[in-house]
Amino acid sequence: MYKLELDPKELEQAKILLEAANKNIHKVLARSLNRTAQMAKTKQNRLIRQGYNIPAQIIRVRIKLKKSTPGKLEAIVLNSSSRVSLDQFKVNKQNPGHYTEKIKVSVKKGATKTLEGGFWAFFKSKPNNLGLYNRAGTGRDTLEKLYGPSTYQMGTNEKIQDVLEKEASENFSKRFEHEFLRELGIK
């Protein structure tokens, strides 16, 4: 048989730590939410690039975070609904001077398509706006810039959302435990 006794000093210290943590629980939750949202943003970027031929920095600037505060405990990952110009994806001819071959663009991985009537050009009204264009009519000023899907369209399919939801809930519980122990001074 064992006899266990609690030291009154240790009990008092544990009480003080728990009260301090209870006061700052909103800060702990906000930090955990923000870190989880940042992890979800990074994971979404990776998942999008698994299916689409687009550089990470193009997606990164189009996914925004609304951070949580102790007063408002919600973190939001926002995807831009503006479409990405087609020249940001994988294009076989990067040089505007090559017109002998048709331009081929691969938006989704493994799906290369030929641009009928597409060409590289600088748009007159916007300086240094090199991009892929198409003629919309017969007039001189009928250039139409070509666009692919938006980040919202690329990142909101069911497969990606299921993975993100699962990982976010797992990450939040880990981050909350870490932040709580940090607040107690244990980590």
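Counting non-hydrogen atoms of neighbouring residues, nucleotides and ligands closer than 6.0 angstrom, the CD atom of Gln161 exceeds 12 such neighbours. Heavy atoms from other residues, nucleotides or ligands lying under 6.0 Å from CD of Gln57 number more than 12. Within a 6.0 Å radius of CZ in Arg135, more than 12 heavy atoms belonging to other residues, nucleotides or ligands are found.
Between the side chains of Glu183 and Asn24, at least one donor N or O lies within less than 3.5 Å of an accepting N or O.
Expressed to the nearest 0.5 Å, how far CD of Glu177 lies from OG of Ser32 amounts to 10.5 Å. Taking CG of Leu164 as the start and OG1 of Thr156 as the end, the distance is 10.5 Å to the nearest 0.5 Å. In this structure, the separation between CZ on Arg31 and OG1 on Thr36 is 12.5 Å, given to the nearest 0.5 Å. Interatomic distance, CG of Leu146 versus OG of Ser85, reported as 9.5 Å (0.5 Å rounding). Rounding to the nearest 0.5 angstrom, the gap separating the CD1 atom in Ile59 from the OG1 atom in Thr42 is 11.5 Å. Annotation: the span from Lys41 atom NZ to Asn79 atom CG amounts to 10.0 Å, rounded to 0.5 Å.
Looking at residues two or more places apart in sequence or on another chain, you find a side chain to side chain donor-acceptor pair (under 3.5 Å) between Ser82 and Ser80. Legend: residues meeting salt bridge (charged side-chain N to carboxylate O under 4.0 Å, His left out) with Arg175, ordered by chain and number and at least two apart, are Glu179. Considering only residues two or more places apart in sequence or on other chains, Lys43 meets the salt bridge (charged side-chain N to carboxylate O under 4.0 Å, His left out) condition with Glu167. Partners of Ser173 by side chain to side chain donor-acceptor pair (under 3.5 Å), not counting sequence neighbours: none found.
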Given the rule in the side-chain contact (heavy atoms from CB on, under 4.5 Å) test, do Tyr147 and Lys145 qualify, once you have shown the distances and angles that lead to the verdict?
CA-CA 7 Å; Tyr147 291 94; Lys145 191 164 184 173; 3.6 Å; yes
Would Leu47 and Tyr52 satisfy side-chain contact (heavy atoms from CB on, under 4.5 Å), going step by step from the backbone distance to the final call?
CA-CA 9 Å; Leu47 290 172; Tyr52 291 88; over 6 Å; no
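Here the side chains of Ile25 and Phe176 are in contact, with some heavy-atom distance below 4.5 Å. At a threshold of 4.5 Å between non-hydrogen side-chain atoms, the residues Phe89 and Pro149 count as touching. Side-chain contact between Leu65 and Ile76 is absent, with no heavy-atom pair separated by less than 4.5 Å.
Hydrophobic clustering keeps Val77 apart from Tyr152 (ILVMFWY residues linked when any side-chain heavy atoms are closer than 4.5 Å, directly or through intermediates). Linking ILVMFWY side-chain heavy atoms closer than 4.5 Å, directly or via other members, places Ile58 and Ile63 in a single hydrophobic cluster. Under the 4.5 Å side-chain contact rule for hydrophobic residues, Phe172 and Met39 do not share a cluster. Residues Ile48 and Leu78 do not share a hydrophobic cluster, clusters being chains of Ile/Leu/Val/Met/Phe/Trp/Tyr side chains in contact below 4.5 Å.
Shown here for Ile160 and Met154, the closest heavy-atom pair between the two residues is CD1-O, 3.6 Å. Here the shortest heavy-atom pairing between Ala75 and Asn34 reads CB-OD1, 4.1 Å. Among all heavy-atom pairs drawn from Gly155 and Gln44, the shortest one is O-NE2, 3.2 Å. Nearest heavy-atom pair, Ser169 versus Lys166, reported as atom, atom and distance to 0.1 Å: OG-O, 2.9 Å. Across every non-hydrogen atom of His26 and Pro70, the tightest pair is CB-O, 3.7 Å. Closest approach of Leu132 to Val91, counting heavy atoms only: CD1-CG2, 4.1 Å.
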Pairs under 3.5 angstrom only: tabulate donor-acceptor contacts from the side chains of residues 105-114 to other protein residues two or more places apart or in another chain.
residue	atom	partner	partner atom	Å
Ser106	OG	Asn53	ND2	2.7
Ser106	OG	Lys108	O	3.0
Lys109	NZ	Arg49	O	3.1

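The backbone N or O of Lys104 sits less than 3.5 Å from a side-chain atom of Asn92, completing a donor-acceptor pair.
Identified under the side chain to side chain donor-acceptor pair (under 3.5 Å) test for residues 59-74, with sequence neighbours left out: none.
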